[in-house]
Amino acid sequence: MQLGINLGYWGAGMDADNLTVAKEADKLGYAVCWAAEAYGSDAATVLSWVAAQTERIDIGSAIFQIPARQPAMTAMTAATLDSLSGGRFRLGLGVSGPQVSEGWYGVKFDKPLARTREYVEIVRRAMTRERLSYEGQHWTLPLPGGPGKPIKLTVHPQREHIPLYIAAIGPKNLEQTGEIADGALLIFPAAEHLEETALKHLRAGREKAGKTMEGFDVVPTLPLAVGEDSQVDALADMFRPYTALYVGGMGSRKQNFYNQLASRMGYEKEAAEIQEKYLSGDKDGAAAAVPRSLIDSTSLLGSVDRIADRMRAYAAAGVTTLTLAPAGFTLEERLTALRAGTEALERAGVA
């Protein structure tokens with residue numbers, strides 16, 4: 001199992017600190033540095049900046065939003081980043097959610113599985129550098145009856161195959177991800193529930209494609225906070241607003257993938273309460289309603305030894321790249337957590 005670092009969303013007042021964190025992760029031997037985007041900073045610009053100031057660590061989009069870019073544009077961006085970084089780019093894609101897709105990009109959030117499948121097919125076809133043509137339900141290239149003609153990508157990626165990941169939560173999305181991608185980006189992953197909530201669906205998709213899980217990258221992201229084991233409750237409290245935001249407020253009452261995931265993990269009653277309070281404007285109440293066990297099972301909290309134990313559980317469950325989101329109010333706290341991650345991995349004996 002390897003370690004990754006997730007910088008999250010840029011522009012939250014920690015830009016210079018994030019770069020320092022990325023550079024330190026590079027020195028410590030972390031495998032990949034991911035950057036996210038929603039409706040603020042874009043991930044491609046951030047990744048190009050990080051790539052220019054690191055040497056070995058891969059850079060990855062977690063994620064490029066599918067409604068934000070035409071698939072050919074994503075292929076162009078992926079090829080460019082792979083070339084500029086010396087073959088260190090990993091392409092992570094996701095459909096985002098209905099509020100962002102329709103409210104920010106003006107793209108109807110319908111048939112996300114079919115859209116994702118076509119999008120991946122076009123991106124991969126474009127990156128072969130053959131002349132691009134495609135006939136699908138959502139995209140047709142070139143457009144019929146006009147002046148368009150098949151065009152090929154002029155940029156040479158560093159590698160013949162750029163690893164492609166999909167952010168997946170629901171069972172059908174996970175199965176399709178196993179079928180068409182090289183890896184899966186997971187959120188709120190509990191090691192104890194990973195087989196039931198994710199791996200069995202990914203495995204079914206791999207089998208559909210005539211493949212095994214060998215070589216497929218399972219990449220959950222976990223918040224990380226280091227302290228004494230006696231402080232676990234206080235450390236968990238740091239992530240209450242984060243968990244409440246996703247379980248309660250990330251999506252509509254009918255369409256919140258994270259809320260549905262929490263329900264599948266056995267927190268159906270609690271997830272409903274968190275959502276009700278969050279959507280009614282009681283964010284503090286929603287955070288207070290998050291069970292400590294939910295936070296603890298989906299984060300890395302406590303001493304290096306306790307974190308090492310959790311890392312063993314994730315490796316045993318089938319995780320291949322464990323991405324950390326180190327918490328801290330200061331840069332030094334985040335760097336301390338980052339270093340503790342490598343120490344814990346070494347103690348766990350699963351590197």
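Note that the structure is a prediction, hence the values are computed from the model and not measured.
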Q: Indicate, with yes or no, if M127 and I166 share a hydrophobic cluster defined by side-chain heavy-atom contacts under 4.5 Å among Ile, Leu, Val, Met, Phe, Trp and Tyr.
A: yes
Q: Using the test ring-ring contact (aromatic ring centres under 6.0 Å, His included), find all partners of F188 that sit at least two apart in sequence or belong to another chain.
A: Y242, Y246
Q: Side-chain heavy atoms under 4.5 angstrom apart, residues restricted to Ile, Leu, Val, Met, Phe, Trp, Tyr: same cluster for F216 and V350?
A: yes
Q: Would a distance-only check, ignoring hydrogens and angles, find a side-chain to backbone donor-acceptor pair under 3.5 Å from N256 to V247?
A: yes
Q: Do P157 and I162 have side-chain heavy atoms sitting under 4.5 Å apart?
A: yes
Q: Please check if the side chain of R206 supplies one atom and the backbone of T212 the other of a donor-acceptor pair under 3.5 Å.
A: yes
Q: Quick check for you: to the nearest 0.5 Å, what is the distance between Q231 atom CD and D237 atom CG?
A: 12.0 Å
Q: Got a donor-acceptor contact below 3.5 angstrom from the S297 side chain to the L294 backbone?
A: yes
Q: Between S83 (side chain only) and A79 (backbone N and O only), is there a donor and an acceptor less than 3.5 Å apart?
A: no
Q: If you group Ile, Leu, Val, Met, Phe, Trp and Tyr by side-chain heavy-atom gaps below 4.5 Å, do L194 and Y165 land in one group?
A: no
Q: Measure the shortest side-chain to side-chain distance between R240 and R292 over non-hydrogen atoms and say whether it is less than 4.5 angstrom.
A: yes
Q: Please check this pair: side chain of N259 against backbone of Q275, looking for a donor-acceptor N/O pair closer than 3.5 Å.
A: no
Q: So which atom in A38 and which in V100 form the shortest heavy-atom distance, rounded to 0.1 Å?
A: O-CG1, 4.1 Å
Q: Do T342 and Y30 have side-chain atoms, one donor and one acceptor, less than 3.5 Å apart?
A: no
Q: Is it the case that the side chains of T45 and D42 hold a donor-acceptor pair, with the cut-off being a distance below 3.5 Å and no angle test?
A: yes
Q: Are M265 and T298 side-chain neighbours, meaning at least one heavy-atom pair lies under 4.5 Å?
A: yes
Q: Is there a salt bridge (Lys or Arg N to Asp or Glu O under 4.0 Å) between D217 and R90 once you walk through the steps?
A: CA-CA 11 Å; D217 203 5; R90 305 187 190 188; 3.4 Å; yes
Q: Can we say K211 and E179 salt-bridge, meaning some charged N sits less than 4.0 Å from an Asp/Glu carboxylate O?
A: no
Q: Hey, what do you get for OG (S303) to CG (D309), rounding to the nearest 0.5 Å?
A: 8.0 Å
Q: Going by salt bridge (Lys or Arg N to Asp or Glu O under 4.0 Å), R203 matches just one of E214, E175, E195. Which one?
A: E195
Q: Does the side chain of H161 pick up a donor-acceptor pair with the side chain of D182 at under 3.5 Å?
A: yes
Q: Measuring from atom CG of L338 to atom CD of E333, what distance do you get when rounded to the nearest 0.5 angstrom?
A: 13.5 Å
Q: What are the two closest non-hydrogen atoms of I274 and P291, and how far apart are they?
A: CD1-CD, 4.3 Å
Q: About how many Å separate OG of S61 and CG of L47, when rounded to the nearest 0.5 Å?
A: 6.5 Å
Q: Does Y39 offer a backbone N or O that forms a donor-acceptor pair with the side chain of Y9 under 3.5 Å?
A: no
Q: Drop me the distance from E24's CD to T54's OG1, to the nearest 0.5 angstrom.
A: 13.0 Å
Q: Sub-3.5 Å donor-acceptor pair from the side chain of Q2 to the main-chain atoms of A31, do we have one?
A: no
Q: Could you tell me which residues satisfy salt bridge (Lys or Arg N to Asp or Glu O under 4.0 Å) with R310, sequence neighbours excluded, listed by chain and number?
A: E192
Q: Could you tell me whether D58 and R88 make a salt bridge, using a distance below 4.0 angstrom between a side-chain N and a carboxylate O?
A: no
Q: Under 3.5 Å, is there a donor-acceptor pair between the E121 and Y134 side chains?
A: yes
Q: Honestly curious: do F257 and L93 fall in one hydrophobic cluster under the side-chain, below-4.5 Å linking rule?
A: yes
Q: Using distance alone, with no hydrogens and no angle criterion, decide if T74 and Y119 have a side-chain donor and acceptor under 3.5 Å apart.
A: yes
Q: Begin from the C-alpha positions of E37 and R69 and carry the test salt bridge (Lys or Arg N to Asp or Glu O under 4.0 Å) through to its verdict.
A: CA-CA 12 Å; E37 64 182 20; R69 299 171 181 84; 2.7 Å; yes
Q: Could you check whether T323 and W34, counting side-chain N and O atoms only, form a donor-acceptor pair closer than 3.5 Å?
A: yes
Q: I'd like to know if the side chain of D26 reaches the main chain of R56, judged simply by a donor and an acceptor atom lying under 3.5 Å from each other, with no hydrogens or angles considered.
A: yes
Q: Can you name the nearest heavy-atom pair linking P150 to P142, along with the distance?
A: N-CG, 3.5 Å
Q: Testing V232, D229, L224, V226 one by one against L301 for a side chain to side chain contact (heavy atoms under 4.5 Å, CB included), which residue passes?
A: V232
Q: Answer yes or no: is there an ion pair linking E343 with R339, defined by an N-O contact shorter than 4.0 Å?
A: no
Q: Tell me, with the steps shown, if V290 and F239 meet side chain to side chain contact (heavy atoms under 4.5 Å, CB included).
A: CA-CA 10 Å; V290 176; F239 302 120; over 6 Å; no
Q: Closer than 3.5 angstrom, by distance alone: can the side chain of T128 be matched with the main-chain N or O of R125 as a donor-acceptor pair?
A: yes
Q: Applying side chain to side chain contact (heavy atoms under 4.5 Å, CB included), run through V50 and C33 and close with a yes or a no.
A: CA-CA 9 Å; V50 170; C33 175; 4.2 Å; yes
Q: Less than 4.5 Å apart, side chain to side chain, heavy atoms only: is that true for L300 and M311?
A: yes
Q: Looking only at side-chain N and O atoms, does E268 offer a donor or acceptor that is under 3.5 Å from a partner on S263?
A: no
Q: Report the C-alpha distance between L279 and R253 in whole Å, list the side-chain angles of each, state the deciding distance to 0.1 Å, and finish with yes or no for side chain to side chain contact (heavy atoms under 4.5 Å, CB included).
A: CA-CA 8 Å; L279 294 181; R253 196 177 300 274; 3.8 Å; yes
Q: Is the shortest distance from a Lys or Arg side-chain nitrogen in D110 or R115 to a carboxylate oxygen in the other one below 4.0 Å?
A: yes
Q: Which heavy-atom pair separates S41 from W10 by the least distance, and what is that distance?
A: OG-CB, 3.0 Å
Q: Can a donor-acceptor pair be found, under 3.5 Å and without considering hydrogens, that links the side chain of T116 to the backbone of P112?
A: yes
Q: Do V304 and L345 share a hydrophobic cluster, counting only Ile, Leu, Val, Met, Phe, Trp and Tyr and linking them when any side-chain heavy atoms are less than 4.5 Å apart?
A: no
Q: Where do V219 and L186 land on the side chain to side chain contact (heavy atoms under 4.5 Å, CB included) test, with the steps shown first?
A: CA-CA 6 Å; V219 189; L186 309 177; over 6 Å; no
Q: What I want to check is whether the side chains of N18 and R334 have a donor and an acceptor closer together than 3.5 Å.
A: yes
Q: Can you establish whether the number of heavy atoms outside Q53 located under 6.0 Å from its atom CD is more than 12?
A: yes
Q: Could you state the interatomic distance from CD (E55) to CD1 (I57), rounded to the nearest 0.5 Å?
A: 11.5 Å
Q: Which pair of non-hydrogen atoms, one from E118 and one from H138, has the smallest distance, and what is that distance?
A: OE1-N, 3.0 Å
Q: Return yes if a side-chain donor-acceptor contact under 3.5 Å exists between Q99 and W104, otherwise no.
A: no
